[in-house]
Amino acid sequence: MKIQFVLNGKKITAEAEPSTTLYTFLRDLGCLSVKCGCETANCGLCTVLLDGKSVLSCSVLAGRVDGSEVCTLEGLQQEAEELGGFLAAEGGEQCGFCSPGFLMNAIAMLREWKEPDEESIKEYMAGNLCRCSGYMSQLRALTKYVAYKKEGH
């Protein structure tokens, strides 16, 4: 099937089998920041933005994006670098495998909620699994980033 959509600001036309997941489709298109850790929509590593909302690309069929806009970490370099700096400063990136999905979900959260409190952050980010950090460093990084943005940066 032919799929036409916008990927990271560029119009794309590509072919995909009806059973192809968005995760596989995006990886085939060169979006290597999209990772898969579980294939059961439980880990958050495959998070992308679909029409501005975070979705788990391993649980979405590629055909669903026809006529839509998809954004991966490759399309959010400036935001990702800024937030990633806070994550690194707090030791929250550890091995880095979960970082792309974590950053995508955090960016989606901050677009949806301008000033989330600590409990809101915990709730929103609950689906992002990390085997290295213990989550406290990630929580500190997001809390500090929210305060930084609140100051007008």
Side-chain angles (χ1 to χ4, degrees), residues 5-12 21-62 64-153:
F5 69 113
V6 176
L7 175 60
N8 298 325
K10 286 178 51 180
K11 290 182 180 180
I12 301 287
T21 64
L22 180 56
Y23 161 74
T24 301
F25 187 60
L26 292 172
R27 297 274 303 178
D28 288 348
L29 291 172
C31 297
L32 302 181
S33 71
V34 184
K35 298 179 182 177
C36 191
C38 69
E39 296 183 83
T40 59
N42 285 307
C43 71
L45 269 67
C46 65
T47 302
V48 299
L49 300 182
L50 174 58
D51 293 328
K53 300 287 184 188
S54 66
V55 298
L56 299 171
S57 63
C58 74
S59 65
V60 174
L61 292 176
R64 179 172 169 215
V65 303
D66 191 45
S68 294
E69 184 173 340
V70 175
C71 194
T72 67
L73 203 56
E74 286 85 356
L76 298 171
Q77 286 300 307
Q78 186 175 354
E79 285 176 90
E81 286 178 19
E82 186 176 60
L83 178 52
F86 280 79
L87 195 59
E90 292 299 324
E93 85 290 49
Q94 301 286 319
C95 80
F97 190 68
C98 69
S99 294
F102 179 85
L103 290 169
M104 288 300 299
N105 208 32
I107 289 168
M109 176 188 68
L110 294 169
R111 287 180 175 185
E112 189 175 333
W113 301 337
K114 296 300 178 199
E115 296 180 30
D117 61 17
E118 189 173 304
E119 286 306 310
S120 298
I121 292 171
K122 287 179 183 178
E123 182 181 326
Y124 201 98
M125 301 303 293
N128 288 86
L129 301 182
C130 175
R131 291 186 171 96
C132 301
S133 76
Y135 302 105
M136 291 310 297
S137 54
Q138 294 172 340
L139 179 60
R140 282 192 310 270
L142 277 175
T143 303
K144 288 179 179 181
Y145 185 71
V146 168
Y148 171 78
K149 293 307 262 183
K150 187 176 181 179
E151 293 172 1
H153 297 281

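Side-chain contact between V6 and I12 is absent, with no heavy-atom pair separated by less than 4.5 Å. The closest side-chain heavy-atom distance from L76 to L49 is below 4.5 Å. Inter-residue side-chain proximity for L142 and L83 is flagged as met; some heavy-atom pair is nearer than 4.5 Å. Looking only at side-chain heavy atoms (C-beta outward), S120 and W113 come within less than 4.5 Å of each other. In this structure, L7 and L26 have side chains that are in contact, with non-hydrogen atoms separated by less than 4.5 Å. At a threshold of 4.5 Å between non-hydrogen side-chain atoms, the residues L110 and E79 do not count as touching. Between K149 and Y145, the closest side-chain pair of non-hydrogen atoms falls below 4.5 Å. Side-chain contact between I121 and M109 is present, with heavy atoms from C-beta onward closer than 4.5 Å.
Atoms CD1 and CZ, from I107 and F102 in turn, are 10.5 Å apart once rounded to the nearest 0.5 Å. The NZ atom of K53 sits 14.5 Å away from atom OG1 of T47, with the distance rounded to the nearest 0.5 Å. Annotation: the span from D51 atom CG to C71 atom SG amounts to 11.0 Å, rounded to 0.5 Å. Taken from CG in N128 to OG in S54, the straight-line distance is 8.5 Å, to the nearest 0.5 Å. To the nearest 0.5 Å, the span separating OH on Y23 from NZ on K35 amounts to 10.0 Å. Rounded to the nearest 0.5 angstrom, K122 NZ and Y135 OH are separated by 13.0 Å.
When every heavy atom of R111 is checked against every heavy atom of K114, the shortest pair comes out as O-NZ, 3.7 Å. Nearest heavy atom pair, residue A80 against residue L73, reads CB-CD1, 3.5 Å. When every heavy atom of E74 is checked against every heavy atom of N8, the shortest pair comes out as CB-ND2, 3.9 Å. The two residues E115 and V146 make their nearest non-hydrogen contact at CA-CG1, 4.1 Å. Taking each heavy atom of S137 and G92 in turn, the nearest pair found is OG-CA, 3.2 Å. Taking every heavy atom of both residues into account, A41 and C58 meet most closely at N-SG, 3.5 Å.
Within 6.0 Å of CD in Q78 there are 12 or fewer heavy atoms belonging to other residues, nucleotides or ligands. The number of heavy-atom neighbours closer than 6.0 Å to CD of Q77, taken from other residues, nucleotides and ligands shown, is above 12. Open room surrounds CZ on R64; 12 or fewer heavy atoms of other groups in view lie less than 6.0 Å from it.
Under a 3.5 Å cut-off, the side chain of S57 and the backbone N or O of C46 do form a donor-acceptor pair.
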- Query: Yes or no on side chain to side chain contact (heavy atoms under 4.5 Å, CB included) for K144 and E90, after CA distance, side-chain angles and deciding distance?
  - Reply: CA-CA 10 Å; K144 288 179 179 181; E90 292 299 324; 2.6 Å; yes
